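Remember, predicted model here, so these are calculated numbers, not experimental data.
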Amino acid sequence: MSRTSDSVKHMLNLALATALNDLEYYQRTLERTNNPEVRALLMVLEESEEDLIAKIEHMMIAGVVDAVLETKDSKARWEAPNEDPFEFASPFASSLQFQRWTICNETLERSFKAYSFYLSIAGRAKSEVVSALLLYLANIKSKHITRLRRVCESFDE
């Protein structure tokens with residue numbers, strides 16, 4: 001049991017490091033951006049990543065039983081996120097539009113890499129608990145990607 005506990009702890013630390021790196025990316029980009037609309041986009045994405053970090057930190061303290069149970073109960077309802085990049089192609093787009101689309105696509109790529117990473121490790125995990133935990137994290141990341149898509153697609157209107 002100790003081996004599983006160590007594996008869970010290691011995976012939570014790895015997930016936390018991944019989420020903190022993404023959060024840092026949003027914060028660095030936010031610092032370099034002056035446009036209020038682009039800043040608003042980054043703040044929404046930052047908030048979503050902070051939600052994931054809070055869930056990971058909660059699991060580090062309280063354990064992963066709830067995540068494992070949720071994974072077991074709702075596994076069939078999870079869908080893979082759409083990984084297609086945004087195509088807001090217009091040769092006459094303003095620099096603001098271009099900046100927003102660039103951030104949307106960079107963020108989508110980062111988020112999908114994290115999602116794929118969690119799924120990849122979940123599939124190779126030797127422990128059902130670790131596998132369920134990583135599937136849970138992949139599902140949270142999938143929701144983050146869905147939120148990103150909703151926000152970014154609103155820019156095309």
Side-chain angles (χ1 to χ4, degrees), residues 1-33 38-88 100-155:
M1 188 65 174
S2 176
R3 183 134 167 84
T4 299
S5 176
D6 289 345
S7 296
V8 167
K9 200 180 285 187
H10 177 71
M11 288 300 117
L12 286 172
N13 284 328
L14 188 59
L16 182 61
T18 301
L20 288 171
N21 283 337
D22 285 346
L23 180 65
E24 184 180 335
Y25 164 77
Y26 299 136
Q27 291 170 340
R28 277 193 325 264
T29 306
L30 188 61
E31 288 173 8
R32 294 189 315 253
T33 304
V38 175
R39 291 180 65 81
L41 164 65
L42 289 164
M43 286 189 261
V44 167
L45 298 172
E46 189 177 49
E47 178 184 307
S48 182
E49 202 66 41
E50 287 170 345
D51 290 344
L52 174 59
I53 290 168
K55 288 179 181 182
I56 294 169
E57 289 174 338
H58 175 75
M59 286 186 285
M60 291 175 135
I61 295 167
V64 297
V65 173
D66 290 339
V68 171
L69 291 175
E70 184 177 328
T71 301
K72 182 181 174 192
D73 292 341
S74 60
K75 195 174 181 180
R77 294 187 306 227
W78 293 355
E79 291 183 29
N82 179 354
E83 66 179 292
D84 297 333
F86 296 102
E87 293 185 32
F88 303 108
R100 287 191 294 203
W101 298 333
T102 301
I103 290 170
C104 286
N105 280 325
E106 286 174 2
T107 303
L108 179 64
E109 183 179 344
R110 289 182 70 87
S111 297
F112 199 79
K113 282 181 183 178
Y115 170 82
S116 299
F117 175 69
Y118 295 144
L119 282 184
S120 171
I121 295 176
R124 296 187 315 230
K126 295 178 181 168
S127 160
E128 285 186 46
V129 172
V130 171
S131 179
L133 168 64
L134 289 163
L135 287 173
Y136 175 79
L137 293 171
N139 184 50
I140 293 172
K141 203 61 177 175
S142 177
K143 290 176 184 175
H144 173 84
I145 292 169
T146 300
R147 186 176 185 186
L148 165 68
R149 282 204 168 280
R150 271 196 316 267
V151 171
C152 289
E153 286 168 353
S154 72
F155 292 148

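- Checked against R110 for a side-chain hydrogen bond (donor to acceptor under 3.5 Å, both in side chains), the options D22, N21, T18 give a single hit: D22.
- In this structure, SG on C104 lies 7.0 Å from CG on L45, to the nearest 0.5 angstrom.
- Scanning all heavy atoms of the two residues, the minimum distance from K141 to S111 falls at CG-O, 3.6 Å.
- A salt bridge does not link D84 with R149: none of the charged nitrogens is closer than 4.0 Å to a carboxylate oxygen.
- Remark: D51 pairs with R147 by the side chain to side chain contact (heavy atoms under 4.5 Å, CB included) rule, at least two apart or across chains.
- A donor-acceptor pair shorter than 3.5 Å cannot be found between the side chains of E49 and Y25.
- Across all non-hydrogen atoms, the minimal contact from T29 to T33 is O-OG1, 2.7 Å.
- Between L23 atom CG and E47 atom CD the span is 11.5 Å, to the nearest 0.5 Å.
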Would you give me the side-chain donor-acceptor pairs under 3.5 Å for residues 114-125, sequence neighbours excluded?
| unit_1 | atom_1 | unit_2 | atom_2 | d |
| --- | --- | --- | --- | --- |
| S116 | OG | F112 | O | 3.0 |
| S120 | OG | R124 | NH1 | 3.2 |

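- Looking only at side-chain heavy atoms (C-beta outward), L108 and E83 stay at 4.5 Å or farther from each other.
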Step by step, work out the side-chain contact (heavy atoms from CB on, under 4.5 Å) result for L148 and S48. CA-CA 9 Å; L148 165 68; S48 182; over 6 Å; no
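- The local environment of CD in Q27 is crowded, with over 12 non-hydrogen atoms from other residues, nucleotides or ligands closer than 6.0 Å.
- Atom CD1 of I53 and atom CD of E46 lie 9.0 Å apart (nearest 0.5 Å).
- Here the CG atom belonging to D6 is positioned 11.0 Å from the CE atom belonging to M11, to the nearest 0.5 angstrom.
- Rounding to the nearest 0.5 Å places CZ of R39 at 10.5 Å from CD1 of I103.
- Annotation: side chain of L12 is not in contact with side chain of E57 (no heavy-atom distance under 4.5 Å).
- With hydrogens and angles disregarded, no donor-acceptor distance shorter than 3.5 Å links the side chain of N139 to the backbone of L135.
- Under the 4.5 Å side-chain criterion, counting only non-hydrogen atoms from C-beta, L52 is in contact with L137.
- Two residues are said to be in side-chain contact when any heavy atoms from C-beta on lie closer than 4.5 Å; S142 and P81 meet this criterion.
- In summary, E24 and R28 engage in a salt bridge, as defined by a charged side-chain N under 4.0 Å from a carboxylate O.
- Atom-to-atom distance recorded for L42:CG and T107:OG1 is 6.5 Å, nearest 0.5 angstrom.
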